[in-house]
Amino acid sequence: MSARIIDGKAFAADIRGRVAEYVTRLKADHGLVPGLAVVLVGEDPASQVYVRNKGAQTLEAGMKSVEHKLAADTPEEDILTLVDKLNDDPEIHGILVQLPLPAHVDEEKVINRITPAKDVDGFHILNVGLLGTGQKSMVPCTPLGCLMMLRDHHGSLSGLDAVVVGRSNIVGKPMAQLLLRDSCTVTIAHSRTKDLAEVCRRADILVAAVGRPEMIPGDWVKPGATVIDVGINRVPHPEKDGKTRLVGDVEFASASQVAGAITPVPGGVGPMTIACLLANTLTACCRANGLPEPEGLTA
Ligand code: NDP
């Protein structure tokens with residue numbers, strides 16, 4: 001059997017298109033332009049690429065994009081002052097502080113300074129609590145993207161056995177909360193889990209968010225399961241000397257022979273993250289102005 005490949009690139013393009021259409025209507029009907037501010041501290045090359053892509057896609061969707069690039073040695077107090085300023089700016093509906101922050105900055109303090117309604121990454125402690133108690137919140141972008149793909153493939157997720165490998169605050173835990181909210185029976189696995197292979201084999205839905213190249217082989221996958229591979233790992237290219245390539249946490253070649261559906265790396269979950277960031281910014285703008293939320297773009 002060969003799995004259906006879930007095309008995250010096409011899915012993300014569709015979401016961005018729907019966001020752009022809604023933004024056009026917001027402008028025409030209400031004179032509103034959703035605004036996203038991204039704060040980047042330091043010169044981490046990967047973060048710079050992410051921030052550039054976020055800015056470009058925000059503008060393409062017809063939204064306002066503001067970037068604040070601060071030196072790596074910017075004092076924590078200055079970052080907090082900037083967050084306060086953005087919190088008070090009525091043209092900014094979403095604030096994203098690019099992680100990781102330099103070691104001298106307390107990440108939790110900075111994230112928790114963002115007004116929860118503008119916290120489009122969904123990392124503020126209030127949003128975490130709201131999600132955990134099943135209330136309306138801002139939902140972290142990567143798990144939201146995974147959920148959208150799963151709902152699209154399955155329709156209802158109710159009663160399915162879901163295993164999430166990884167328990168980070170950014171991916172694993174919010175993913176598990178979302179699956180629980182959609183009435184899956186959820187297991188969260190991590191580095192101390194006993195017999196991970198057996199745990200994975202129980203999953204109708206297997207989400208891998210570990211950061212270890214191809215650690216989940218095909219024989220850990222239940223036949224017909226849906227596999228969502230969040231991992232992004234750069235490894236040496238097997239055929240091209242000195243070159244690298246990206247692989248996921250799942251061994252795609254073997255897993256795609258067993259699974260019913262699977263996301264590839266690259267081109268699976270990755271593109272969904274920024275698309276969901278745009279969706280969250282639009283949602284935040286609608287909520288701030290007492291307007292209905294865009295359908296199908298929230299959890
Ligand atoms: P973290 O490093 O924060 O968390 C990794 C998790 O994997 C931890 O919970 C850890 O367990 C668990 N783990 C580590 N080794 C094992 C093992 N041998 N067996 C089982 N579990 C293990 O990573 P993130 O959640 O931030 O990211 C995970 C992956 O997803 C990375 O590759 C990252 O690049 C990618 N990613 C992709 C995004 C996208 O847009 N597609 C967005 C965000 C992340 P423990 O807690 O016990 O240490």
Side-chain angles (χ1 to χ4, degrees), residues 1-12 14-15 139-168 170-233 235 246-273 275-276 299:
M1 190 174 76
S2 198
R4 178 194 156 206
I5 309 298
I6 300 176
D7 184 347
K9 225 168 145 183
F11 205 124
D14 178 64
I15 291 172
V139 175
C141 303
T142 301
L144 177 58
C146 297
L147 181 75
M148 285 182 182
M149 293 194 287
L150 284 167
R151 282 181 177 166
D152 181 69
H153 180 69
H154 285 274
S156 169
L157 306 183
S158 181
L160 295 177
D161 280 317
V163 173
V164 180
V165 189
R167 56 173 163 178
S168 72
I170 293 174
V171 189
K173 283 185 201 146
M175 185 74 249
Q177 293 289 3
L178 288 170
L179 291 166
L180 189 59
R181 211 159 86 166
D182 270 27
S183 298
C184 290
T185 303
V186 182
T187 303
I188 307 177
H190 45 77
S191 66
R192 309 289 173 91
T193 297
K194 283 187 226 147
D195 203 352
L196 184 60
E198 266 317 302
V199 172
C200 290
R201 283 187 197 115
R202 291 205 301 264
D204 301 311
I205 292 172
L206 179 61
V207 180
V210 180
R212 292 171 72 99
E214 301 180 312
M215 71 164 271
I216 298 181
D219 71 350
W220 290 18
V221 175
K222 179 176 173 177
T226 302
V227 178
I228 304 289
D229 191 353
V230 182
I232 301 178
N233 308 289
V235 296
L246 290 181
V247 297
D249 291 340
V250 177
E251 192 185 74
F252 184 84
S254 57
S256 60
Q257 295 305 308
V258 186
I262 187 167
T263 58
V265 178
V269 176
M272 292 293 286
T273 299
C276 288

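Scope of the values below: all heavy atoms of this structure, side chains included, with no hydrogens, waters or symmetry mates. Predicted model, so just to flag it, every value in this text is computed and none were measured.
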Measure across Ala3 and Ala259 and return the closest heavy-atom pair with its distance rounded to 0.1 Å. CB-O, 3.2 Å
Taking atom CZ of Arg151 and atom NE2 of His153, what is their separation to the nearest 0.5 Å? 15.5 Å
Applying side chain to side chain contact (heavy atoms under 4.5 Å, CB included), run through Phe252 and Ile262 and close with a yes or a no. CA-CA 8 Å; Phe252 184 84; Ile262 187 167; 3.6 Å; yes
Which atoms form the tightest heavy-atom contact between Leu150 and Leu179, and what is the distance? CD1-CD2, 3.9 Å
Once you round to the nearest 0.5 Å, how far does OG1 of Thr263 lie from CG of Asp229? 5.0 Å
How close do Asp249 and Gly231 get, heavy atom to heavy atom, and via which atoms? OD2-CA, 3.4 Å
Closest contact, heavy atoms only, Cys276 versus Cys141: CB-O, 3.6 Å
Chi angles and distances behind the side chain to side chain contact (heavy atoms under 4.5 Å, CB included) call for Ser168, Lys173: CA-CA 6 Å; Ser168 72; Lys173 283 185 201 146; over 6 Å; no
Just verifying a value: how many Å separate Ile6 CD1 and Asp152 CG, rounded to the nearest 0.5 Å? 8.0 Å
Value for CE (Met175) from CD1 (Ile170), rounded to nearest 0.5 Å, stands at 15.0 Å
Does some side-chain heavy atom of Val269 sit less than 4.5 Å from a side-chain heavy atom of Met149? yes
Just verifying a value: how many Å separate Thr226 OG1 and Leu157 CG, rounded to the nearest 0.5 Å? 9.0 Å
Determine, stepwise, if the pair Val247 / Val265 fulfils side chain to side chain contact (heavy atoms under 4.5 Å, CB included). CA-CA 6 Å; Val247 297; Val265 178; 5.7 Å; no
Ignoring hydrogens, what is the shortest heavy-atom contact between Pro266 and Leu246? Give both atom names and the distance. CD-O, 4.1 Å
Hits for side chain to side chain donor-acceptor pair (under 3.5 Å) against Ser254, two or more places apart or cross-chain, chain-then-number order -> Glu251
Identify all side-chain donor-acceptor contacts of residues 201-219 below 3.5 Å with residues at least two apart in sequence or on another chain.
| residue | atom | partner | partner atom | Å |
| --- | --- | --- | --- | --- |
| Arg201 | NE | Asp219 | O | 2.7 |
| Arg201 | NH1 | Glu198 | OE2 | 2.6 |
| Arg201 | NH2 | Asp219 | O | 3.3 |
| Asp204 | OD1 | Lys222 | NZ | 2.7 |
| Asp204 | OD2 | Asp161 | N | 2.8 |

Correct closest heavy-atom pair for Lys194 and Val199 would be O-CG2, 3.9 Å
Taken to the nearest 0.5 Å, the spacing of Met272 CE from Leu144 CG works out to 7.5 Å
